[in-house]
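Only one structure is covered here, and it is reproduced in the block below.
Letters A, B, ... mirror the listed sequences (proteins, then strands); counts begin at 1.
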Amino acid sequence: MLEVVAPGLLTTVQDSGRPGAVDLGVPIGGACDPLSLAMANALVGNSAGEAALEMSVVGASFRVIADCVVAVAGADMGGLARGESRLLRSGETIEFGAAVDGSGVRTYLALAGGIDVPEVLGSRSTCLVGRFGGFDGRPLRAGDLVRSRGRWLLTTRRWPAAPTLPSEQRLVRVVRGPDAAVLGDAFDRLVGTAWTVGGRGDRQGIRLDGPALVLSTGATMLSRGVTWGSVQLPPDGQPIVLLADHQTVGGYPDIGVAISADRPTLGQLGPGNKVGFAEVSIIEAQHLLREQGADLERTVATLP
Amino acid sequence: MAVDFALEPHGDDAILVTFGDSVDPVINRRVHGAAASVRAARDRGEPWATPIPSYASLLAGYDARRLDVAGATSALQALLAAADETDLESDQPALEIPVRYGGDDGPDLDAVAQSTGLTPAQVIDLHSSVVYRAYMLGFAPGFAYLGELPAQLELARRDTPRQRVPAGSVAIAGRQTAVYSSTTPGGWHLIGRTDLVLWDPAREQPSLITAGQLVRFTPRA
């Protein structure tokens, strides 16, 4: 069990999300970088989508109240070494700080047995807009007690490969969006531009700062469903790429949709990062997704 | 039953089904009929996610590790061919939402009256005279888009959205009206407030308003 000493910028309980209630306006949510969540969980013997803590941009500090086994994956926020399980002893303190530039912006702290909070609508993820799930639908604050639900892992686990560090400019692969045909050359300009991520490290989406992609004709559309990875084009011409906590429906045209396999890359993009886009076909995108899943399974199978 | 729709991929794990391009109860019934068909397939273990219905389209997500895009498209085509128009309204009476209009509960009522050339009393009468249809939920948990607002009340969204709209606020924009289901930022005009709880995940039916439901507003002191 851990006690929160300082909560960091935005620390919330996230699991693999809540996909069943999207037709009630509930965002799917869950970890913005599901691969790092899976890694941290595998290292402590949890299932890939088990509830863990997600720390954004600036991490939290904890006091260990009772011995527990933890693991960390994702951005480098110091505190504990990433990629290996660790037994924490009562009385220890761990301090996670600001994510090291270039290493990502989200760090996952998994506890063996998973975080002990009630399931709401089938998930332990925190729904910030609806104020439910996780710790009463809010970010963690000083004094909160983080308990695990289950048993310990007795063997030490270490991830066999060093975590891949994203390069200076990240690349996100996209397929042409449903509205690309009516948006003139917006898609070509999306993939031809080096964008800078704006905004504040929001879980709903990232703004892309760069040349405005303004449409010659105003496009007002009926609100319709959108997904994580949708690249939306608002009237001001600065595209927004949706993340895990995106609203379920949107009224802006979709230039393109980032591939599912690159959702973890999107989840590690923060203010000031440079990002570029490359077009792939849907068939290629699905192949990349299957490959990513198979790689993860193979690696997890090698853990003791 | 032959229904016109267009299918196109939305990314690598969803298909967008478009039934039309206007706010129309007939089109919307088709959307919800199709949604019910996909949910039933999901419940049978087929690799479909909960689909997202909207005014005139349905976004059907699928497990792209189990279905490729061609397989998903043809499977969805078959599901849609078998779907019925769902008459969600059936025999349910309209849900009544008691509203305190104006004052601190409806800070934009006077401005709406001014912009539409009506008196505040006329705005209230018009707003509460119509039985609305819940076309879809979105924006936030339990937020239902209700239509259609009488044309005399049609206004664009506020120039500057509010940072904080209290839950229960009754609002209008365009030809739509809604009740804010939680405290969020918002750009619609606030004309009143209800004490009804629109969203409670602990309830058996977490959202007070469901798609296809009829809703009316009743002025209260």
Next item on the list: Tell me, for A/P19 versus chain B, whether the close heavy atoms (under 4.5 Å) come from the side chain, the backbone, both or neither.
Entry: backbone

Note to self: Between A/Q247, A/Q286, A/H287, A/R290, who has the most heavy-atom pairs with chain B when the cutoff is under 4.5 Å?
What the structure shows: A/Q286

Check: Any Lys/Arg nitrogen of B/R29 or B/D24 sitting under 4.0 Å from an Asp/Glu carboxylate oxygen of the other?
Finding: no

Item checked: Interface moiety of A/I259 toward chain B, non-hydrogen atoms closer than 4.5 Å -> both

Margin query: Heavy-atom cut-off 4.5 Å, strictly under: side chain, backbone, both or neither for B/P51 against chain A?
Written below: backbone

Item checked: Donor-acceptor contact present, side-chain A/Q14 to main-chain A/G30, <3.5 Å -> yes

Next item on the list: Begin from the C-alpha positions of B/R193 and B/D104 and carry the test salt bridge (Lys or Arg N to Asp or Glu O under 4.0 Å) through to its verdict.
Entry: CA-CA 9 Å; B/R193 189 138 180 220; B/D104 289 338; over 6 Å; no

Note to self: Please identify, among A/V175, A/T248, A/D23, the residue contributing the most non-hydrogen atom pairs under 4.5 Å to chain B.
What the structure shows: A/D23

Next item on the list: Identify which of A/C127, A/P178, A/A285, A/A21 forms the greatest number of heavy-atom pairs closer than 4.5 Å to chain B.
Entry: A/P178

Next item on the list: Check each atom of B/L67 against the heavy atoms of chain A and say whether the ones under 4.5 Å are side chain, backbone, both or neither.
Entry: backbone

Checklist line | Aromatic centroids of B/H127 and B/Y132 separated by under 6.0 Å | finding: yes

Check: In terms of heavy-atom pairs under 4.5 Å, which option from B/A49, B/A140, B/S22 contacts chain A the most?
Finding: B/A140

Notebook entry, point to check: Taking B/V31, B/L16, B/L58, B/D21 one by one, which has the highest count of heavy-atom pairs under 4.5 Å against chain A?
Noted result: B/L16

Notebook entry, point to check: Parallel, tilted or perpendicular: which fits the ring planes of B/Y62 and B/W48, with parallel below 30° and perpendicular above 60°?
Noted result: perpendicular

Next item on the list: Indicate whether any N or O donor in one side chain lies under 3.5 Å from an N or O acceptor in the other, for A/Q268 and A/R170.
Entry: no

Item checked: Under 4.5 Å from any heavy atom of chain A - which part of B/T50 -> both

Notebook entry, point to check: Which residue out of A/V174, A/T227, A/I28 racks up the most heavy-atom pairs below 4.5 Å with chain B?
Noted result: A/T227

Check: Between A/R131 and chain B, which part of the residue has a heavy atom less than 4.5 Å away: side chain, backbone, both or neither?
Finding: side chain

Next item on the list: Kindly indicate, with the supporting measurements, whether the criterion side chain to side chain contact (heavy atoms under 4.5 Å, CB included) is fulfilled by A/I115 and A/R124.
Entry: CA-CA 8 Å; A/I115 309 258; A/R124 292 185 165 85; 5.7 Å; no

Notebook entry, point to check: What do you reckon, are the aromatic ring centroids of B/Y145 and B/Y135 less than 6.0 Å apart?
Noted result: no

Item checked: Step-by-step salt bridge (Lys or Arg N to Asp or Glu O under 4.0 Å) determination, A/R173 to B/D12 -> CA-CA 11 Å; A/R173 291 155 297 189; B/D12 59 13; over 6 Å; no

Checklist line | Residue part contacting chain B, namely of A/V120, when any heavy atom lies under 4.5 Å | finding: side chain

